[in-house]
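Worksheet: one structure, shown below.
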Amino acid sequence: MSQEAERGATLLNVEELSVEVLTSTGWTGVTDTVSFQLRRGEVMGLVGESGCGKSTTALALMGLLPKASARVASGTVWLDGTDLYSLSRRQWEDLRGDDISMIFQEPMSSLHPAFTVGEQIAESVRRHRDLGRRDAWQRAVALLEKVGMPEARARATCYPHEFSGGMLQRVLIAIALACEPKVLVADEPTTALDVTVQAQILDLLRSMGAEFDLSILLVTHDLDVVADICDEVVVMYAGQVVEQATVKEFLHAPRHPYSRALLAGSRPDGDDSTELHWIPGAPPTPGALPPGCRFEPRCAHAHDRCRAEEIALQRHPDGSAHRCVLDLSAPRGE
Ligand SMILES: Nc1ncnc2c1ncn2[C@@H]1O[C@H](COP(=O)(O)OP(=O)(O)OP(=O)(O)O)[C@@H](O)[C@H]1O
């Protein structure tokens, strides 16, 4: 079997995506030629410290960048063979929900306070499927049952403020899955929840992913979450992809010094916290990038070449990639 077949066919192909945002000095790049491939049925973690461009990337591939302050400068996103940036506004609206859905950290901000959750799920179903009100309502109740909502029929008639954060995230997952999309983009979906509820929502995502044959792009800063449910990882630093690897490769033999630093920092002695908060220094701000490698000022392995030239992303035959003159994964011996 070819390596491509073993890893599954590519469903979402992000090619050289660069996004700019409007700052006091004008349009400034915040992501730079981001490329990765999400395969069918795969759960991919998009990780990196705060400000590295994870959410911007996620919004860009949903066509949801805030128009006044952010724009795609270059690059292409293909979803199952469709060039997303060639779509009209109307086609984007049809695609979102139908083929690709997104859930956010704060479920409350995605729901309308004045409508019951059942109405909101049914509305999402009706927007994409030719169903009458009664059938859409039945589907909403069935979806709530599927995402583990107790007493789904009764809870469908409740308003968002009547739910806990974890239950609201289940409602959002029900809306996201209402039309059985191919891809779910989840931006820190468990960050606002307490630890027990986080585990339940991750279990739900995992089981929904398997049941619906979903590909999931999971934006997270939590490496426990990555280890728990992801198959593949894309590591971003200062707007660039610095490593793409299977979770196993990433956890046991990361190639890039930044990946290694994240992993080391997520396991401080006597503390099982996995927040990415400890690497000395801070990522550069978008308008003030160092010459050469963007991680060089914080890198324990840096040398002259890293300061002198930009480092290209190297692609490897097994589908992984890294952006460094070194390869720290000694066992693979490159
Ligand atoms: N609409 C915007 N206008 C101005 N700057 C923006 C906008 N959106 C993002 N940025 C800037 O782009 C950079 C990347 O932000 P982004 O939210 O994508 O990072 P992130 O990795 O998702 O971080 P976090 O984990 O904190 O959400 C940051 O410097 C951020 O301030």
Side-chain angles (χ1 to χ4, degrees), residues 41 43 58-59 62-64 90 92-220 225 228-229:
V43 183
L59 290 173
M62 293 294 300
L64 288 176
R90 175 72 206 268
W92 264 113
E93 277 163 17
D94 288 344
L95 180 109
R96 277 194 294 266
D98 218 0
D99 290 317
I100 186 165
S101 282
M102 186 162 182
I103 56 173
F104 298 88
Q105 184 173 330
E106 292 293 345
M108 198 64 174
S109 62
S110 305
L111 290 165
H112 197 300
F115 293 93
T116 67
V117 301
E119 285 168 328
Q120 295 186 61
I121 302 170
E123 168 60 21
S124 176
V125 172
R126 274 164 61 81
R127 209 177 302 137
H128 297 278
R129 297 280 183 273
D130 189 18
L131 284 185
R133 282 186 190 284
R134 181 187 290 263
D135 288 344
W137 181 265
Q138 293 304 341
R139 173 125 179 90
V141 172
L143 280 160
L144 281 175
E145 275 166 2
K146 199 167 262 308
V147 297
M149 180 70 69
E151 298 167 24
R153 191 164 296 281
R155 302 306 301 272
T157 63
C158 296
Y159 292 87
H161 72 268
E162 298 177 77
F163 291 83
S164 66
M167 284 299 158
L168 276 187
Q169 200 54 289
R170 286 178 194 268
V171 171
L172 258 281
I173 293 171
I175 291 176
L177 300 183
C179 297
E180 303 186 14
K182 298 168 186 150
V183 177
L184 176 68
V185 178
D187 191 350
E188 305 272 9
T190 59
T191 306
L193 306 174
D194 73 45
V195 175
T196 332
V197 182
Q198 280 185 11
Q200 292 165 0
I201 295 297
L202 289 175
D203 274 349
L204 177 65
L205 282 177
R206 195 185 355 235
S207 64
M208 293 292 102
E211 182 170 342
F212 288 86
D213 196 22
L214 260 181
S215 304
I216 302 178
L217 181 68
L218 180 67
V219 175
T220 181
V225 170
D228 201 16
I229 76 162

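Across all their heavy atoms, Ala176 and Ile103 have their closest contact at CB-CG2, 3.8 Å. For the pair Pro189 and Gln169, the tightest heavy-atom approach, listed with the atom from each and the gap, is O-NE2, 2.8 Å. Closest approach of Val185 and Ala58 over heavy atoms only: CG1-CB, 3.8 Å. Nearest heavy atoms, Ala178 versus Val125: CB-CG2, 3.7 Å. Contact between Trp137 and Glu119 at its shortest, heavy atoms only, is CZ3-N, 3.4 Å. Residues Ser101 and Pro181 share a closest heavy-atom pair of OG-CG, 3.8 Å.
Between Met102 and Leu59, some side-chain heavy-atom pair lies under the 4.5 Å cut-off. Between Pro150 and Met167 the shortest side-chain heavy-atom distance falls below 4.5 Å.
For the pair Arg126 (side chain) and Leu131 (backbone), a donor-acceptor distance under 3.5 Å is present. With Thr190 contributing its side chain and Leu193 its backbone, the two residues share no donor-acceptor pair below 3.5 Å. When atom types are taken as modelled, the side chain of Glu145 and the backbone of Ala140 share no donor-acceptor pair closer than 3.5 angstrom. Proximity of a side-chain donor or acceptor of Ser215 to a complementary backbone N or O of Gly41 within less than 3.5 Å is detected. Of the possible polar contacts, none joining the Arg206 side chain to the Val43 backbone as a donor-acceptor pair under 3.5 Å is found. For Arg96 (side chain) and Met62 (main-chain N/O), a donor-acceptor pair under 3.5 Å exists by modelled atom type. In this structure a side-chain-to-backbone donor-acceptor pair under 3.5 Å is missing from Arg170 to Met149.
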Derivation of the side chain to side chain contact (heavy atoms under 4.5 Å, CB included) call for Thr220 and Glu188: CA-CA 5 Å; Thr220 181; Glu188 305 272 9; 4.1 Å; yes
Evaluate Ile175 against Leu111 for side chain to side chain contact (heavy atoms under 4.5 Å, CB included), listing each step before the verdict. CA-CA 10 Å; Ile175 291 176; Leu111 290 165; 3.6 Å; yes
Using the side chain to side chain contact (heavy atoms under 4.5 Å, CB included) rule, take Glu180 and Asp213 through it: C-alpha gap first, then chi angles, then the decisive distance, then the call. CA-CA 9 Å; Glu180 303 186 14; Asp213 196 22; over 6 Å; no
Leu144 vs Val171, side chain to side chain contact (heavy atoms under 4.5 Å, CB included): CA-CA, chis, key distance, verdict: CA-CA 7 Å; Leu144 281 175; Val171 171; 4.1 Å; yes
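Here the CG atom belonging to Leu217 is positioned 9.0 Å from the CG atom belonging to Asp187, to the nearest 0.5 angstrom. Note that CG of Leu204 is 4.5 Å distant from CD1 of Ile173, once rounded to the nearest 0.5 Å. One distance of note links CD1 of Ile100 with NZ of Lys182; it measures 10.0 Å at 0.5 Å rounding. Here the CG-OG distance, from Leu172 to Ser124, works out to 10.0 Å after rounding to the nearest 0.5 Å. Going from atom CZ of Phe104 over to atom CG of Leu64 covers 6.0 Å, rounded to the nearest 0.5 Å. Note that SG of Cys179 and CZ of Arg139 are 7.0 Å apart. Values are rounded to the nearest 0.5 Å.
When the shell of 6.0 Å around CZ of Arg129 is examined, it contains more than 12 heavy atoms from other residues, nucleotides or ligands.
Using bins of under 30°, 30° to 60° and over 60° for the plane-to-plane angle, the ring pair Phe115/His112 lands in the perpendicular bin.
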